[in-house]
2 protein chains.
Amino acid sequence: MTLDVMMESPLVGDVAGNLRVLVGRLLRALQAQDPEDGLSMSKVSVLSRLADDGPASASTLASAERVRPQSMSATLAALEAEGLVARRPHPTDRRQILIELTEQGWQTARSARRSREDWLTRVLESEYDQEELRLLSRAIELLERLAER
Amino acid sequence: MTLDVMMESPLVGDVAGNLRVLVGRLLRALQAQDPEDGLSMSKVSVLSRLADDGPASASTLASAERVRPQSMSATLAALEAEGLVARRPHPTDRRQILIELTEQGWQTARSARRSREDWLTRVLESEYDQEELRLLSRAIELLERLAER
DNA sequence: TATTGTTATACTCTATAACTATA
DNA sequence: TATAGTTATAGAGTATAACAATA
């Protein structure tokens, strides 16, 4: 125990290397399954954030999602074309445009995040017991902190 | 406790929804930082697998990494051009070409998985204590099972 | 016929560069 | 000048389609 702290434990190096590889593989595993709603992860991520945090400007979304404003601009144009988000002027700053979920956007955000029937849910249910799911749930909280850095 | 098991616990639905969004965000966080060795996650993933499992054919790698054979073909061509993998004929099946790590490929695979200097390692070190790192390490094992599905 | 692998081509996501409008 | 947003263009990764060689 004390030893772990005293010596430079290899744990952090392992976690880093394995996590990097894991994220790529999980991405492809999730993309391979999951045609379901026809939405890319980038789009779901933006919808999800708008649902959590409320309306936001394009540049706020861009930095939160760690993409360039130009990239977010493209994503938002696509979401708008699909009727999932709408734009309204910022009350005081006329440069900004606030992005908000449409009613359909709300429904999509909800169903994308909580669809209990999709592949991932079924796999989690069959692959892990309750204790492992609780561990995963805690790990996800920890990793969300990481994703914000 | 018993209640968790008896009622359809919302835990699995939460994990599923949050995990999907998390993976996308982690991907971009990792890609934003981490130019370091100049290798994409896809490439590191292939090198990593070759290091773990030994030489393999292109089609084996493709299904293991969940990409189409055509996509793996492109990835392998790039890795070969960088001198990290080499090809040798399959001993019995002349259709197949076995892919193996070169000496430089071995070094790169090792350092990519255990690099103690990169952004991710530093963030992990500063952001998490030893207990949290152990939890992450266990979670990564669990999620690797998921990535293979 | 089925399998392994490649080349040709296109799509998605994200990047950089250059621009307009507003603060 | 600095900030918010857009359009134009390019690169990486992966997909589908069509093909050649071998089983």
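What you see below is based on every heavy atom in this structure, not just the backbone, and it leaves out hydrogens, waters and symmetry mates. Throughout, protein chains are lettered first and strands after them, A, B, ... in sequence-line order, and every chain is numbered starting at 1.
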Taking 4.0 Å as the cut-off, does a side-chain nitrogen or oxygen of [X] come that near to OP1 or OP2 on [N]?
{"X": "Arg87(A)", "N": "dT6(D)", "value": "yes"}
{"X": "Ser73(B)", "N": "dG5(C)", "value": "no"}
{"X": "Thr75(A)", "N": "dC13(C)", "value": "no"}

What string of B, S and - do you get for nucleotides 15-23 of chain D, 5' to 3', when a contact is any protein heavy atom under 4.0 Å? BBB----BS
Determine yes or no for a side-chain-to-main-chain donor-acceptor pair under 3.5 angstrom, with Ser137(B) supplying the side chain and Leu133(B) the backbone. no
Is it the case that the side chain of Thr121(B) and the backbone of Ala16(A) share a donor-acceptor pair, with hydrogens and angles ignored and the cut-off at 3.5 Å? no
So, Ser45(B) and Ser48(B): side-chain donor and acceptor under 3.5 Å apart, yes or no? no
Over how many whole Å does the gap from [X] atom [atom1] to [N] atom [atom2] extend?
{"X": "Arg28(A)", "N": "dC13(C)", "atom1": "CZ", "atom2": "P", "value": "16 Å"}
{"X": "Leu27(B)", "N": "dA15(C)", "atom1": "CG", "atom2": "P", "value": "11 Å"}
{"X": "Ile99(A)", "N": "dG5(D)", "atom1": "CD1", "atom2": "P", "value": "7 Å"}
{"X": "Glu65(B)", "N": "dT14(D)", "atom1": "CD", "atom2": "C1'", "value": "13 Å"}
{"X": "Ile97(A)", "N": "dT3(D)", "atom1": "CD1", "atom2": "P", "value": "18 Å"}
{"X": "Leu61(B)", "N": "dT4(C)", "atom1": "CG", "atom2": "C1'", "value": "13 Å"}
{"X": "Glu80(B)", "N": "dT6(C)", "atom1": "CD", "atom2": "C1'", "value": "13 Å"}
{"X": "Met72(B)", "N": "dT7(C)", "atom1": "CE", "atom2": "P", "value": "16 Å"}

Check ion pair [X]-[Y] (N to O, under 4.0 angstrom):
{"X": "Glu100(A)", "Y": "Arg87(A)", "value": "no"}
{"X": "Arg138(A)", "Y": "Glu132(A)", "value": "no"}
{"X": "Arg49(B)", "Y": "Glu148(B)", "value": "yes"}

Which atoms of nucleotides 9-12 of chain C (N or O only) lie under 3.5 Å from a protein N or O atom, and what are those distances?
none

Could you check Glu82(A) against Lys43(A) for salt bridge (Lys or Arg N to Asp or Glu O under 4.0 Å), going step by step and ending with a plain yes or no? CA-CA 11 Å; Glu82(A) 295 172 67; Lys43(A) 288 177 185 170; 2.9 Å; yes
So OG1 of Thr108(A) and CG of Leu84(A): to nearest 0.5 Å the spacing works out to 4.5 Å
Between Leu50(B) and Trp106(B), is there a side-chain heavy-atom distance shorter than 4.5 Å? no
Heavy-atom nearest nucleotide on DNA chain C taken for Ser59(B) and for Met41(A); more 5' hit belongs to Ser59(B)
